[in-house]
Amino acid sequence: MKKHILHTDILVAGSGPSGFAAAYTAAKCGMDVVIIEQNGDIGGISTSGLMSHWTGDCNSPVYHEILKRSAEKNDGKHRGVITNTIDPEKLKTLYLEMLYEAGAKILLYTFACDVICENGVVKGVTVVNKSGCTDIFAKVIVDATGDGDIACKAGAEFCLGRENDGKMQPATIMFKVGGVDYDKAVFPGSFETLVPTEKGELQALAKELLPYPAGHVLLYKTTLPGVVTCNMTNCIDIDGTNADDLTKATYTCRKQMEKIVDFLHEYVPGYENCFIISSASLVGIRETRHFKGEYTITEEDISQARLFDDYVVLDAHFNFDVHNITGAGLDKTGVQHNFTQKKGYTIPYRCLLPQKIENLLLCGRNISGTHMAHSNFRAMPICAGIGEAAGAAAAIAAKSNTSPRMVRAEDIRKIIFEGEEGLC
């Protein structure tokens, strides 16, 4: 089969919040940008994954633009109201609109199957889609695949999962139920949210009655009347970089849905007549590869709200959201309501630079961080902030024909926070 050839300034692999933000930022800087996505929609977990809401926060202009423009798409009395609740269908369209406005080239249904790399320098990526195989050559490649597939194929060093044993957070398929009586309904939004009812406390009942490893209750309001997003399926001992495990996770989580709905009918107020109306087309993988960068951000950096000299992400805030690695609920290492660091933290540019690999930027949850730090910065608003930084850095490097390793963090910050796109 004859390969096609495509040249661009910047190639972004993956279109979750981090990949979208990287491509959008780089394109607004005037660069030729190609963004590839293996699914049929932009957005990753935020859309195809049917995510309920933006959780956590970050001082990212692109993230706040997404919120503002999402509010403008609201219906009726909610029009213009800024909220962290996600309407996945409208967000799918908004992402496309913003990328087209910025001038990015979008390739959906496109899978990155190989990396073009010479002596540790990434030259491009081989992709496959309905059009056949294409070698896409770029001055800078941004790996926003979540699992770091590009960096892995290029030979970047990483560890898989938790440092001491390689275990990873569980997988989930989100789904929505209709027919909920909002006047009576409860909406436990965290593992640490306890809901007493006439039949018992909901988290305890779920742990006792739902099929293991399911066993917690997480229910979120949506933009639609009577519709609630359920984050209650659970599959442990999954390696999200393994196709067999991804299939196992999909089957396991889907088998749990009927039992979860039965539980909602019997035990959860307001859900007596609920029914499944949709489920995610993308299984939610929380954790896989952690790459070794020029700096590895740690739990202590986050707890102490460390201000790095080369920061490119500002005012990141979330908790240590470690889902139970051996079952349902919060892992014993996790901290949600009792997370005490309220000031927000920074992420240094060095975390986006894989050691010994050139022309490649890490982006999103695959940046250089420990297992515990990752449980915080994997939140989507923070990933959007990381993507914005990666896009700005890639644009500067491509414009100056230099390595991303030579880009100054202060110039990245000028583009993000001061709008100086002329630096590109």
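Residues: numbered from 1 along the sequence shown. Treat the numbers as computed from the prediction; the structure is a model and nothing was measured.
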Could you check whether any side-chain heavy atom of [X] comes within less than 4.5 Å of a side-chain heavy atom of [Y], counting everything from C-beta outward?
X      : Y      : answer
Asn366 : Phe158 : no
Leu91  : Ser46  : yes
Ser52  : Ile86  : no
Leu361 : Cys363 : no
Asp57  : Asn84  : no
Ile347 : Ile382 : yes
Leu330 : Phe320 : no
Thr250 : Ile173 : yes

Donor-acceptor contact present, side-chain Thr145 to main-chain Asp149, <3.5 Å: yes

Determine whether a donor-acceptor pair (N or O, by modelled atom type, separation under 3.5 Å) exists between the side chain of Glu163 and the backbone of Gly166. no

Using every non-hydrogen atom in the two residues, find where Thr296 and Ser368 come nearest and quote the distance to one decimal. OG1-OG, 2.8 Å

For residues Ala13 and Ile36, report the shortest heavy-atom separation together with the two atoms involved. CA-CG1, 3.7 Å

Would you indicate whether [X], at its atom [atom1], is surrounded by more than 12 heavy atoms from other residues, nucleotides or ligands within a distance under 6.0 Å?
X      : atom1 : result
Asn401 : CG    : yes
Lys221 : NZ    : no
Tyr251 : OH    : no
Lys292 : NZ    : no
Lys207 : NZ    : no

Please enumerate all residues that pass salt bridge (charged side-chain N to carboxylate O under 4.0 Å, His left out) together with Lys167, with sequence neighbours excluded. Asp237

Note: [X]-[Y] ion pair, threshold 4.0 Å (strictly below):
X      : Y      : answer
Arg286 : Asp321 : no
Asp32  : Lys139 : no
Arg405 : Glu358 : yes
Glu89  : Lys92  : yes

Yes or no on side-chain contact (heavy atoms from CB on, under 4.5 Å) for His317 and Phe339, after CA distance, side-chain angles and deciding distance? CA-CA 10 Å; His317 193 270; Phe339 184 75; 4.3 Å; yes

Per side chain to side chain donor-acceptor pair (under 3.5 Å), Thr223 is matched among Asn74, Asp75, Asp87 by Asp87

According to the interplanar angle, ranging from 0 to 90°, do the rings of Tyr95 and Phe20 count as parallel (below 30°), tilted (30 to 60°) or perpendicular (above 60°)? tilted

Summary of ring pair (Phe, Tyr, Trp, His ring centres under 6.0 Å) pairs that have at least one residue in residues 227-247, sequence neighbours excluded: none

